[in-house]
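Structure first, commentary second.
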Amino acid sequence: MKFNHVGIVGAGQLGRMMALAAYPLGLRCLFLDRSGDSPGAQVAPILLGALDDPARLAELAASSDVVTFDWENVAGSALAPLEKLTKIRPPRKALEISQDRLQEKALFSRLKIPVAAHAAIDTREDLLRAARKLGTPGILKTRRLGYDGKGQYVIERSNQLDDAWAQIGGPGLIYEQFQDFSREVSLIGARSAAGKIVHYPLSANTHAGGVLQYSIAPFIDASLERMARRYLNKVMETLDYVGVLTIEFFVVEGRLVANEMAPRVHNSGHWTIEGCVTSQFENHLRAIGDLPLGATRPLGHTAMVNFLGWMPDRERLLTIEGLAYHDYGKEPRPGRKLGHCTIVRATPADRTRALKALLKLMKEIPRPV
Ligand code: AMP
């Protein structure tokens with residue numbers, strides 16, 4: 001196929017890193033986003049408009065060989081007309097399913113991928129019934145548009161049900177049994193239109209307050225990795241998926257329980273920029289553009305740490321050998337993902353040491369007030 005122009009819906013940091021990976025391949029990127037100062041807009045041209053504005057989307061599609069996404073929550077009804085104009089990759093169906101936690105879990109269950117016991121909640125009575133049936137602790141979540149722990153309430157005991165309902169109650173929720181996990185891991189893979197699939201090594205992810213703090217990779221566990229690959233393949237094949245797909249899992253008693261999928265490049269894969277032969281961003285572009293997929297072999301043992309709410313002083317951090325510093329060019333706001341850094345080491349022990357030193361240094365650096 002002709003592959004020179006990529007349209008990217010949403011110009012956040014994922015789009016920005018995609019554009020940065022696109023340049024060496026000789027690709028031109030065009031974003032659609034509301035903000036002319038978004039992370040993507042700082043590195044490639046942008047169409048200004050709402051992400052689901054039909055006229056703007058049509059304009060984007062008309063000037064792109066393929067349209068892809070930094071943000072997966074564009075309504076399917078806004079995307080459908082574009083399919084006549086250009087290629088939409090990943091496919092609309094994958095986006096639609098990932099937009100709704102209930103549909104996502106239904107797909108996983110249909111494919112025999114384990115998920116947390118859950119119930120759809122639209123009323124307070126639904127919640128009381130679900131909590132009785134599934135027990136506590138549990139998590140009440142919005143089915144749509146929740147991310148990074150937003151729109152979630154952890155219900156430890158049944159006397160919190162009223163408070164949970166008062167905080168986020170309303171139609172369109174899901175109640176999930178709380179998973180007593182030993183770890184959270186994610187698997188990222190890329191699939192070409194011809195059906196070839198490559199997988200990255202597993203990442204082990206540490207969250208706080210629902211937000212990813214840091215990832216280490218490769219997380220070496222052959223049996224979990226085999227299982228995760230099987231699950232990812234099933235989802236990709238069922239959806240006739242093209243591009244990068246991520247599934248996040250809980251590890252519960254040595255088994256995987258799928259939490260959610262993201263039909264795009266993922267925060268837990270940022271380490272692949274420095275830590276793998278081909279980054280997740282480049283492989284996403286290769287997949288959607290019918291180019292040969294790149295090798296996903298790790299180049300060492302990697303840690304990636306998110307910068308949340310503040311950017312630690314660049315000069316201080318760059319004193320750490322080999323540290324890669326990524327600033328997304330965003331305005332600081334409490335808890336906001338503003339950047340990340342990555343270190344690659346020769347052994348897991350070296351990586352652990354370097355990660356500890358990095359986290360210690362980040363504690364020592366004064367935060368702007
Ligand atoms: P999510 O928005 O579903 O990715 O949730 C954000 C984070 O909240 C996850 O990465 C977990 O750390 C935690 N979490 C979400 N759902 C559950 C669950 N059912 N059991 C335990 N922890 C959860």
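Counting only heavy atoms from C-beta outward, the side chains of Glu282 and Val265 never approach each other to under 4.5 Å. Residues Ile273 and Phe281 form a side-chain contact, since some pair of their non-hydrogen atoms from C-beta on lies under 4.5 Å apart. Here the side chains of Ile174 and Lys105 are in contact, with some heavy-atom distance below 4.5 Å. Side-chain atoms of Pro90 and His284, non-hydrogen and from C-beta on, do get closer than 4.5 Å to each other. By the 4.5 Å heavy-atom criterion applied to side chains, Ser268 and Ile188 are counted as neighbours.
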Determine whether Met304 and Glu274 satisfy the following criterion, side-chain contact (heavy atoms from CB on, under 4.5 Å), listing intermediate values before the conclusion. CA-CA 10 Å; Met304 186 287 311; Glu274 293 84 14; over 6 Å; no
Trace of the ring pair (Phe, Tyr, Trp, His ring centres under 6.0 Å) decision for Phe307 with Tyr325: CA-CA 10 Å; Phe307 300 147; Tyr325 188 88; 5.5 Å; yes
Before giving the answer on salt bridge (charged side-chain N to carboxylate O under 4.0 Å, His left out), spell out for Arg56 and Glu59 the whole-Å C-alpha distance, their side-chain angles and the decisive distance to 0.1 Å. CA-CA 5 Å; Arg56 284 314 217 184; Glu59 210 178 317; 2.5 Å; yes
Hey, mind stepping through Ile365 and Leu317 against side-chain contact (heavy atoms from CB on, under 4.5 Å) and telling me if it holds? CA-CA 9 Å; Ile365 298 176; Leu317 246 58; 3.5 Å; yes
Kindly determine whether Val252 and Asp180 satisfy side-chain contact (heavy atoms from CB on, under 4.5 Å), including the steps that lead there. CA-CA 6 Å; Val252 183; Asp180 192 12; 5.6 Å; no
Full working for side-chain contact (heavy atoms from CB on, under 4.5 Å) between Arg345 and Arg353: CA-CA 10 Å; Arg345 293 292 182 267; Arg353 256 192 305 277; over 6 Å; no
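Between Leu47 atom CG and Ile8 atom CD1 the span is 11.5 Å, to the nearest 0.5 Å. Taking CG of Asn73 as the start and CG of Asp52 as the end, the distance is 10.5 Å to the nearest 0.5 Å. Note that CD of Glu260 and CZ of Arg101 are 5.0 Å apart. Values are rounded to the nearest 0.5 Å. Here the CD1 atom belonging to Ile168 is positioned 10.5 Å from the CG atom belonging to Asp163, to the nearest 0.5 angstrom. Rounded to the nearest 0.5 angstrom, Tyr23 OH and Leu285 CG are separated by 12.0 Å.
Annotation for Glu364: atom CD counts as buried by contact number, over 12 foreign heavy atoms lying within 6.0 Å. Heavy-atom contacts from other residues, nucleotides or ligands closer than 6.0 Å to CG of Asn159 number more than 12. Atom NZ of Lys234 has more than 12 heavy atoms from other residues, nucleotides or ligands within 6.0 Å. At most 12 heavy atoms of other shown residues, nucleotides or ligands fall within 6.0 angstrom of atom CZ in Arg28.
A donor-acceptor pair under 3.5 Å is formed between the side chain of Arg89 and the backbone N or O of Ile288. Although no hydrogens or angles enter the test, the distance criterion places no donor-acceptor pair under 3.5 Å between the side chain of Arg34 and the main chain of Leu51. Checking side-chain atoms of Glu72 against main-chain N and O of Ser98 turns up no donor-acceptor pair under 3.5 Å. Using a distance-only test at 3.5 Å, with no hydrogens or angles considered, no donor-acceptor pair links the side chain of Thr342 to the main chain of Ala324. A donor-acceptor pair is defined here as one N or O able to donate and one able to accept, closer than 3.5 Å; such a pair exists between the side chain of Tyr241 and the backbone of Pro263. Formation of a donor-acceptor pair under 3.5 Å by the Gln160 side chain with backbone atoms of Glu156 is found in this model. In this structure, the side chain of Thr296 engages the main chain of His199 through a donor-acceptor pair within 3.5 Å. Not a single donor-acceptor pair under 3.5 Å links the side chain of Gln13 to the backbone N or O of Leu338. The backbone N or O of Gln280 sits less than 3.5 Å from a side-chain atom of Tyr200, completing a donor-acceptor pair. In this structure a side-chain-to-backbone donor-acceptor pair under 3.5 Å is missing from Asp327 to Gly339.
Hydrophobic clustering (side-chain heavy atoms under 4.5 Å, transitive across Ile, Leu, Val, Met, Phe, Trp, Tyr) groups Tyr231 together with Met236. One hydrophobic cluster holds both Ile320 and Leu318 under the rule that ILVMFWY side chains link at heavy-atom gaps under 4.5 Å. By the criterion of side-chain heavy atoms lying less than 4.5 angstrom apart, applied directly or through intervening Ile, Leu, Val, Met, Phe, Trp or Tyr residues, Met227 is not grouped with Val257; the two fall into different hydrophobic clusters. Linking Ile, Leu, Val, Met, Phe, Trp and Tyr residues whenever their side-chain heavy atoms come within less than 4.5 Å leaves Leu107 and Val242 in two separate clusters. Linking ILVMFWY residues whenever their side-chain heavy atoms come closer than 4.5 Å, directly or via other members, leaves Val211 and Leu358 in distinct clusters.
With respect to Asp70 and Arg16, no salt bridge is recorded, no charged nitrogen being found less than 4.0 Å from a carboxylate O.
Residue Val235 is tested with Leu239, Leu232, Thr238 for a side-chain contact (heavy atoms from CB on, under 4.5 Å); the sole match is Leu239.
Taking all atoms of both residues into account, the shortest heavy-atom contact from Gln179 to Ala116 is NE2-CB, 3.2 Å. For Gly294 against Asn283, the heavy-atom pair with the smallest separation is N-OD1, 2.7 Å. Taking all atoms of both residues into account, the shortest heavy-atom contact from Pro332 to Gly309 is CB-O, 3.9 Å. Counting all heavy atoms, side chain and backbone alike, Ala164 lies closest to Ile155 at CB-CD1, 3.6 Å. Smallest separation of non-hydrogen atoms from Ala78 and Pro81: O-CD, 3.5 Å. A pairwise comparison of heavy atoms in Leu57 and Leu32 identifies CD2-CD2, 3.6 Å as the closest pair.
Under the 30°/60° scheme for interplanar angles, the aromatic rings of His326 and His340 are found to lie parallel. Note: Phe181 and Phe250 have parallel aromatic rings, judged against thresholds of 30 and 60 degrees for the angle between ring planes.
Sorted by first and then second residue, the pairs that involve residues 298-322 and meet side chain to side chain donor-acceptor pair (under 3.5 Å), not counting sequence neighbours, are Asn267-Asn306. Under the side chain to side chain donor-acceptor pair (under 3.5 Å) criterion, the residue pairs touching residues 210-223 are Asn205-Ser215, with sequence neighbours excluded.
Looking only at atom types and distance, the side chain of Asp126 has no donor-acceptor partner in the side chain of Tyr175 under 3.5 Å away. For the 3.5 Å distance criterion, the side chains of His266 and Ser186 fail to qualify, holding no donor opposite an acceptor.
With sequence neighbours left out, the side chain to side chain contact (heavy atoms under 4.5 Å, CB included) criterion links Glu125 to Thr123, Arg129. Qualifying side chain to side chain contact (heavy atoms under 4.5 Å, CB included) partners for Ala11, counting only residues two or more places apart in sequence or in other chains: Phe31, Asp33, Ser38, Ile46.
Taking Ile, Leu, Val, Met, Phe, Trp and Tyr as members and joining any whose side-chain heavy atoms lie under 4.5 Å apart, directly or through other members, the hydrophobic cluster of Leu293 also contains Val198.
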For residues 130-143, which side-chain donor-acceptor pairs fall under 3.5 Å, sequence neighbours excluded?
unit_1	atom_1	unit_2	atom_2	d
Lys141	NZ	Glu176	OE1	3.2
Lys141	NZ	Glu176	OE2	3.1
Lys141	NZ	Asn259	OD1	3.4
Thr142	OG1	Arg144	O	3.3
Arg143	NH1	Leu173	O	2.7

